[in-house]
Amino acid sequence: MKVMKKFRPPVDPRSFGSGLIVGCFLVSMTYVMMSKNQLSIDHLPICELPSLSSLLCSSRYYTFSNFLPVFSVNCLPSSSSSFNGVASVSSIVDRDTRVELSAIEMHENSSSAASASDVASEEEKFPSTDNESVSKEEEGISGRDVLEKSSTGDSNESGSEGTPERKAMCDFSEYRLNICDLEGDIRIIGKNLSSIMLVTQHNGILTSSNGDGNASLQIKPYPRKYDSSAMAKDRPLNLTAVHGDREAPRCTVNHTVPGIVFSTGGHCGNCFHDFADVLVPLFETAGPFLGQVQFIISNYQGWWMHKYRPYLMKLSAFDVIDYDNDDRVHCFEHVIVGLRAERDLMIDASRSAKGYSIMDFVDLTRSAYSLGRNRAWAFDEMPEKKPRLLFIARGGTRKFVNMNELVPMAEAVGFEVVVSEPDFFDVARFAHIVNSCDVMVGVHGAGLTNFLFLPTNAVVIQVVPLGKLDWIATNFYAEPAMGMQLRYLEYNISVDESTLVDLYPRDHPVFQDPESIHKEGWNKLGDVYLKQQNVKLDMKRFRPVIEKAFDLLHGKN
């Protein structure tokens with residue numbers, strides 16, 4: 001922690017008189033304000049604050065506590081309008097559905113969507129290190145001298161005249177995630193307690209049904225809340241607001257940078273969910289801090305940390321904290337609980353704090369794994385070389401059963417052909433293979449997620465099995481691929497190209513009425529169309545798709 005010494009210039013006698021006048025004015029104003037029992041935010045020049053805060057927000061926050069003890073200007077590197085530092089929650093959610101819990105305001109939404117497939121996770125553990133974002137004075141720090149939160153909105157939503165409006169800190173309105181952006185005296189207690197405690201020093205800031213000034217809620221910091229099977233694997237964290245330092249445990253470690261609490265539970269272990277649920281949302285959430293942020297991870301899995309260490313090292317300069325097994329009390333002034341996410345493998349630049357897009361994540365990926373190719377093969381640049389085409393091999397289901405026919409066909413079109421299967425642990429090895437190719441062909445499934453390693457303008461061909469899987473094919477892979485500036489082709493197989501013909505008669509609902517299988521739920525759909533099905537492509541039917549990819553690389557539409 002840097003300590004800045006004040007510079008005291010010699011007193012200029014000519015300015016002493018004006019300084020005395022200013023000093024008297026400030027003392028007078030302080031007396032007037034402190035003489036009131038309560039200060040209504042309506043009495044302050046609210047219309048001036050946004051422009052003022054824009055001038056002052058070069059640091060994380062400025063406090064006017066010396067002169068105006070009841071409010072502050074806060075500057076958060078946040079993407080959501082609900083966390084812009086000055087707006088109240090009433091500006092983004094319906095007032096009638098807002099629930100206030102202590103210094104926390106949230107909006108509940110019960111929107112739901114189809115859940116994703118379950119994936120068994122590995123239990124292998126790798127040792128963690130203890131190099132954390134701590135100050136030199138670690139012992140006995142109570143964290144008392146921190147900023148108390150209040151808002152500067154245009155209306156007083158606190159319910160009592162003269163009480164400053166509290167800032168919206170939690171947003172539960174998104175269908176995909178719950179997130180809390182907290183500032184103040186925050187104490188994180190892991191291991192058995194799983195508690196995140198916000199300590200406030202001001203009477204009247206908290207509201208609770210039992211009248212003791214304390215209130216709490218639970219949050220699972222995994223951005224797939226509509227998916228019950230994913231959330232069932234996540235440990236709930238208790239977010240508590242308490243009045244006064246007495247009820248809060250003393251700090252063991254005092255951190256000098258913000259913290260982000262998130263989970264690697266859920267469906268982690270599946271390549272698609274590793275990126276869609278954690279890595280891309282983590283980039284969107286942590287990116288604005290430029291590495292000066294501490295990760296606190298619940299449902300910690302050592303093998304997962306080892307697997308994606310290049311990303312974690314790019315996004316944070318500090319070793320992660322294993323929330324579930326760390327019994328110390330970690331204290332912060334700024335903590336985000338949960339990750340920001342809009343859609344799978346996509347980033348809405350209009351909602352991103354720094355205007356990030358998914359291409360910024362692609363750039364991070366190329367840097368993290370030292371991928372050398374930024375653009376795909378083009379005939380006018382490398383006419384002497386053949387473009388490379390990758391067939392993604394699958395060891396389980398939805399595999400190409402006639403690969404011995406596919407390879408010579410693609411070679412005859414003009415490609416150098418590579419056949420490779422993703423490595424569960426060695427991401428770097430497969431990333432370099434993918435980056436060396438110009439076309440990637442794969443059956444619908446998590447393996448297609450590896451297209452994020454392709455160079456820009458490469459071609460992705462998704463082979464969609466039977467089962468009316470067009471919605472998930474489009475939303476999970478087609479649109480994200482195009483968002484990454486890749487060219488996308490789709491091939492829907494026929495009944496004769498599915499190995500399901502060996503398992504069911506042709507008049508079975510599996511072929512005749514896929515909607516009836518969908519209505520039986522995700523488990524039935526997944527069992528039939530994703531687990532039981534392999535693909536045997538018709539060479540005459542599929543070859544034009546390979547030729548189209550070849551033409552695209554040659555600049556032909």
Side-chain angles (χ1 to χ4, degrees), residues 78-83 89 92-94 97-101 104-119 121 168-182 194-196 215-240 259-270 272-286 295-301 304 323-324 335-348 351-352 446 471-472 475-476 480 521-523 525-526:
S78 169
S79 63
S80 173
S81 61
S82 59
F83 304 114
V89 72
I92 59 167
V93 298
D94 179 50
T97 58
R98 190 185 64 217
V99 178
E100 289 192 7
L101 280 177
I104 301 155
E105 298 182 9
M106 62 182 181
H107 176 213
E108 195 85 44
N109 189 318
S110 59
S111 300
S112 61
S115 63
S117 59
D118 292 290
V119 179
S121 62
M169 305 177 82
C170 287
D171 184 2
F172 282 18
S173 65
E174 300 284 345
Y175 88 97
R176 178 173 176 143
L177 58 94
N178 295 333
I179 191 167
C180 293
D181 196 330
L182 311 175
S194 297
S195 178
I196 300 171
S216 66
L217 59 85
Q218 283 194 332
I219 184 171
K220 294 183 177 182
Y222 186 82
R224 212 171 191 85
K225 74 178 185 183
Y226 61 80
D227 185 343
S228 59
S229 62
M231 303 311 287
K233 304 170 189 175
D234 248 50
R235 181 184 184 186
L237 309 181
N238 299 306
L239 179 57
T240 306
I260 297 178
V261 181
F262 64 96
S263 168
T264 55
H267 293 315
C268 283
N270 173 288
F272 172 80
H273 291 287
D274 288 342
F275 284 94
D277 297 350
V278 180
L279 293 174
V280 174
L282 182 61
F283 167 73
E284 184 174 356
T285 309
F295 296 154
I296 307 102
I297 304 178
S298 65
N299 296 96
Y300 180 99
Q301 303 182 75
W304 196 96
Y323 189 16
D324 302 333
V335 172
I336 298 174
V337 185
L339 299 176
R340 307 188 195 286
E342 288 83 37
R343 293 182 57 188
D344 293 311
L345 302 179
M346 300 179 77
I347 297 175
D348 183 350
R351 300 183 63 185
S352 173
W471 189 91
I472 57 176
N475 286 274
F476 290 178
W522 179 262
N523 288 337
L525 181 155

Which atom of [X] lies closest to which atom of [Y], heavy atoms considered:
X: Lys233; Y: Gly266; value: CD-O, 3.1 Å
X: Tyr222; Y: His267; value: OH-N, 3.0 Å
X: Ile196; Y: Val337; value: CD1-CG2, 3.7 Å
X: Leu282; Y: Phe262; value: CD1-CE2, 3.6 Å
X: Glu284; Y: Ala341; value: OE1-CA, 4.1 Å

(request) Quick one: do Asn475 and Arg343 satisfy side chain to side chain contact (heavy atoms under 4.5 Å, CB included)? Show the steps, please. (result) CA-CA 8 Å; Asn475 286 274; Arg343 293 182 57 188; 3.1 Å; yes
(message) Tell me every residue that passes salt bridge (charged side-chain N to carboxylate O under 4.0 Å, His left out) with Asp344, counting only those two or more places apart in sequence or in another chain.
(response)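 Expected list: Arg176, Arg224.
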(request) Just jot down the salt bridge (charged side-chain N to carboxylate O under 4.0 Å, His left out) partners of Asp324, sequence neighbours excluded, or say none. (result)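 Salt bridge (charged side-chain N to carboxylate O under 4.0 Å, His left out) check on Asp324 returns Arg235.
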Can you check whether [X] reaches [Y] side chain to side chain, under 4.5 Å on heavy atoms?
X: Cys180; Y: Met169; answer: no
X: Cys170; Y: Leu239; answer: yes
X: Ser194; Y: Ser298; answer: no
X: Phe476; Y: Leu345; answer: no

(request) Kindly compute the distance separating CG (Leu237) from CD1 (Ile219), expressed to the nearest 0.5 Å. (result)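 These two atoms lie 7.5 Å from each other.
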(message) Working to the nearest 0.5 angstrom, can you tell me the gap between Asp227 CG and Asp277 CG?
(response)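 It comes to 8.0 Å.
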(message) Could you tell me if Thr240 and Asn238 have a donor-acceptor pair between their side chains, going purely by distance under 3.5 Å?
(response)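 No.
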(request) Using the test side-chain hydrogen bond (donor to acceptor under 3.5 Å, both in side chains), find all partners of Ser195 that sit at least two apart in sequence or belong to another chain. (result)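 Per chain and number, Ser195 pairs via side-chain hydrogen bond (donor to acceptor under 3.5 Å, both in side chains) with no residue.
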(request) Under the side-chain hydrogen bond (donor to acceptor under 3.5 Å, both in side chains) rule, collect the residues that match up with Ser263, sequence neighbours excluded. (result)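 For Ser263 the side-chain hydrogen bond (donor to acceptor under 3.5 Å, both in side chains) partners, ignoring immediate neighbours, are Asp234, Asn299.
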(request) Under the ring-ring contact (aromatic ring centres under 6.0 Å, His included) rule, collect the residues that match up with Phe275, sequence neighbours excluded. (result)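 Applying ring-ring contact (aromatic ring centres under 6.0 Å, His included) to Phe275 gives Tyr308, Tyr311.
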(message) The test is side chain to side chain contact (heavy atoms under 4.5 Å, CB included); show your working for Leu177 and Leu339 and say whether it passes.
(response) CA-CA 8 Å; Leu177 58 94; Leu339 299 176; over 6 Å; no
(request) Carefully, step by step, assess Trp304 and Ile297 under the rule side chain to side chain contact (heavy atoms under 4.5 Å, CB included). (result) CA-CA 11 Å; Trp304 196 96; Ile297 304 178; 5.8 Å; no
(message) For the backbone of Phe172 and the side chain of Lys225, can you confirm whether one donor and one acceptor N or O come within less than 3.5 Å of each other?
(response)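 Looks like yes, one N/O pair under 3.5 Å.
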(message) Is it the case that the side chain of Gln218 and the backbone of Pro236 share a donor-acceptor pair, with hydrogens and angles ignored and the cut-off at 3.5 Å?
(response)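 Side chain of Gln218 to backbone of Pro236: no pair is present.
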(request) Verify side chain to side chain contact (heavy atoms under 4.5 Å, CB included) between Arg340 and Arg351, making sure each step is shown before the conclusion. (result) CA-CA 10 Å; Arg340 307 188 195 286; Arg351 300 183 63 185; over 6 Å; no
